[in-house]
Amino acid sequence: MKKLIITLMALGMAGAASAEKVVLEGSTTVLPIAQKAAEVFMKNNPGADLSVRGGGSGVGIASIIDGTCDIADSSRAIKPDELAKAAKRGRDLKAHVIAMDGITHIVNPANTITNLTRAQIKEIYTSRAANWKKFGGPDLKIVVISRDSSSGTFEAFSEMVLDKKKVRPDAIMQAANQGVASTVARTPGAIGYVGLGYVSSSVKAISVDSVMPSRETVLKNKYPITRPLFMYTNGAPAGTIKQFIDFVKSPEGQKIVNEEGFVGLK
Amino acid sequence: MNRKKERLIKYLFTALAFSSLVFLIGIVLVLFKEALPIFSRVSLHDFLLGESWYPTAEPPEFGILPLILASLWVTLGALVICVPLGVGSALYLHELAGPRQRALLKPVIEILASVPSIVYGFFGMVILAPFLQNAFDLPIGLCALTTSIILGVMATPTVASIAEDALSYVPRSFREASFAVGADRWQTLTKVIIPAAGSGISTAIILGMSRAIGETMTVLMVAGGSAVIPHSVFDPVRPMTAAIAAEMGEASVGSDHYHALFAIALILFLITFVFNIAAELISRRFRLKLGLSR
């Protein structure tokens, strides 16, 4: 009986080792790209086993440093203290830019606002500005929606729009892009920010400094809040990880990026 | 041979029984070990009474008063819901329900207890929050009130089943004595049964509070997450559990933020620990009062 159990355990381990499992974790902005790309990749390579989960850029980078994921999705570049931590653990993180994105500000479709300047957005997010009237909108209380600090979108937004000033404490915190989008869709006075791929008909994207975020304005760097999206690997990628990264950067992979609403490279 | 086997089994079960003690001590030790380093950066006073929670700003601020008050606020709200519902259900089940109603209601209440918290959270987010938003014309439905209602419903089965146990421990002789001196049913209930079961019912309520204050997934989904001191039931809040759950993933091991989250967990543990000790003391007194062995 004992022997049988040991044999089974040994077999189980061998089985787990042979089907090379690749875990992707991190940014919820990159999530739809990673998910769709993994689906297509697994269809093309029946032996591959990819698992994709969100959590936020900070979570993905923390996981790859701890060794609990193979590819960290991130919507911001790695921070110096994370790099130092990685070096301490003997990890050499390599960045792969897989797409471009414009951080898009969205309001409820009922809101008449169509444009805000970066200074106005900063005022809304960092002061106690209470009513849309002040910004040329309807007489409606402003509900500020932000992201938890593990979000790369938040970090990029904070850097490019808020000059790292603190978000007002009464902002509603959401854990994912989708959470921001659906809260804005249900809340008349809400404003939030999401990756370009999360814009849908249930929310209204507004222009920033009179530039509407789109494929074109992001690629030409006209839109003021653009950023690259990354996948990080530990060292130069090899095996299935390399195949997958190459696939995402290939024309077929970049087509997925565009289909998911983000901006493909080139 | 048999003797030996018996002793072996006895030791095995002793070890199993004591294992939970080992777990508890282990958890307490880890909580203290990981929490204490933060107090070399922030004083205990500033940590507990500081009003701004910006753990990742430069420089970071670690004041958890808004988080503590948020937890207490939503728990208080939950009590307003789960005490009448839970105690009322227990009284009905014990005093009025016939065998058929009991056979239906008891399992239903137990099923309510077994619904996963994410389901409650989802319900709160998609149905209750928009409903309250419209009903009260709120800027946003994700707020303390929504959280309290959901937590109250979640804690109801705990309160109901423990309170019902307490009622059923009241010896028949109490009731018979009461009827014998001519009291009617209502008098017997309010003057004899409820006072006799009172401390047992208090235990039920305290354990319900423990349940509510420790709940994580639901508050993460419906509380809104704003780290501000609540001034009304319509304010979005960030209870302690939600802060830990939302931030633990990215707080790098050993950082100040990481230790601060452990310190929040420690405070939360101490709060529920006091609740549970109180519940235990009260229920011990209750059993003595009824002349039951402890």
Side-chain angles (χ1 to χ4, degrees), chain A residues 25-26 53-63 65-66 68 74 79 81-82 84-86 88-89 108 128 130-132 140-152 154-155 158 162 164-176 179 182-190, chain B residues 51-61 63 65-67 70 121-122 125-127 129-134 137-143 217 220-231 234-238 242-258 261:
Chain A
E25 187 171 6
R53 52 180 184 241
S57 302
V59 174
I61 290 175
S63 294
I65 292 173
D66 288 340
T68 53
S74 181
K79 289 189 267 185
D81 63 317
E82 290 168 333
K85 187 147 285 152
K88 224 192 282 169
R89 299 284 296 262
N108 191 275
R128 294 244 162 211
N131 200 301
W132 280 111
L140 194 62
K141 190 170 182 280
I142 298 177
V143 179
V144 171
I145 319 258
S146 188
R147 293 279 307 280
D148 279 312
S149 53
S150 62
S151 157
F154 164 73
E155 302 255 359
S158 161
L162 306 185
K164 295 244 163 195
K165 261 187 85 177
K166 286 181 285 194
V167 171
R168 57 203 269 181
D170 64 347
I172 303 287
M173 293 296 185
Q174 289 290 325
S182 48
T183 308
V184 170
R186 279 196 293 265
T187 312
Chain B
E51 293 185 11
S52 48
W53 174 250
Y54 281 103
T56 56
E58 279 303 326
E61 290 176 76
L65 189 63
L67 314 186
F122 202 59
M125 207 166 134
V126 177
I127 296 170
F131 172 76
L132 293 174
Q133 185 177 323
N134 285 333
D137 197 19
L138 303 177
I140 182 151
L142 303 172
C143 64
M217 199 62 216
L220 187 62
M221 292 169 81
V222 302
S226 319
V228 279
I229 293 173
H231 293 289
F234 300 125
D235 281 348
V237 289
R238 189 174 188 83
I244 299 173
E247 297 166 25
M248 206 59 189
E250 57 124 10
S252 50
V253 179
S255 63
D256 288 337
H257 188 193
Y258 175 86
L261 292 178

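A, B, ... follow the sequence lines: proteins, then strands. Residue 1 opens every chain.
Residues meeting the salt bridge (charged side-chain N to carboxylate O under 4.0 Å, His left out) test with A:Lys164, sequence neighbours left out: A:Glu159.
For A:Ile65, no part lies near chain B; criterion is any non-hydrogen pair under 4.5 Å. Within the 4.5 angstrom heavy-atom criterion, atoms from both the backbone and the side chain of B:Pro139 approach chain A. For chain A, the nearby part of B:Ala57 is the side chain; its heavy atoms alone come within less than 4.5 Å. In this structure, the portions of B:Met125 lying under 4.5 Å from any heavy atom of chain A include both its backbone and its side chain. Residue contact with chain B, scored on non-hydrogen atoms closer than 4.5 Å, is absent for A:Val144.
Although no hydrogens or angles enter the test, the distance criterion places no donor-acceptor pair under 3.5 Å between the side chain of A:Gln174 and the main chain of B:Gly225. With B:Ser226 contributing its side chain and A:Ala171 its backbone, the two residues share a donor-acceptor pair below 3.5 Å.
A 4.5 Å side-chain heavy-atom check between A:Pro169 and B:Trp53 finds every atom pair outside the cut-off.
Comparing B:Leu220, B:Ile140, B:Thr56 by heavy-atom pairs within less than 4.5 Å of chain A, the highest count is held by B:Ile140.
In summary, B:Asp137 and A:Lys141 do not engage in a salt bridge, as defined by a charged side-chain N under 4.0 Å from a carboxylate O.
If you take CG on B:Leu142 and CD1 on A:Ile145, they are separated by 7.5 Å, rounding to the nearest 0.5 Å.
Residue B:Arg238 comes nearest to A:Asp148 through the heavy atom pair NH2-OD1, 2.9 Å, listed as atom of the first residue, atom of the second, then distance.
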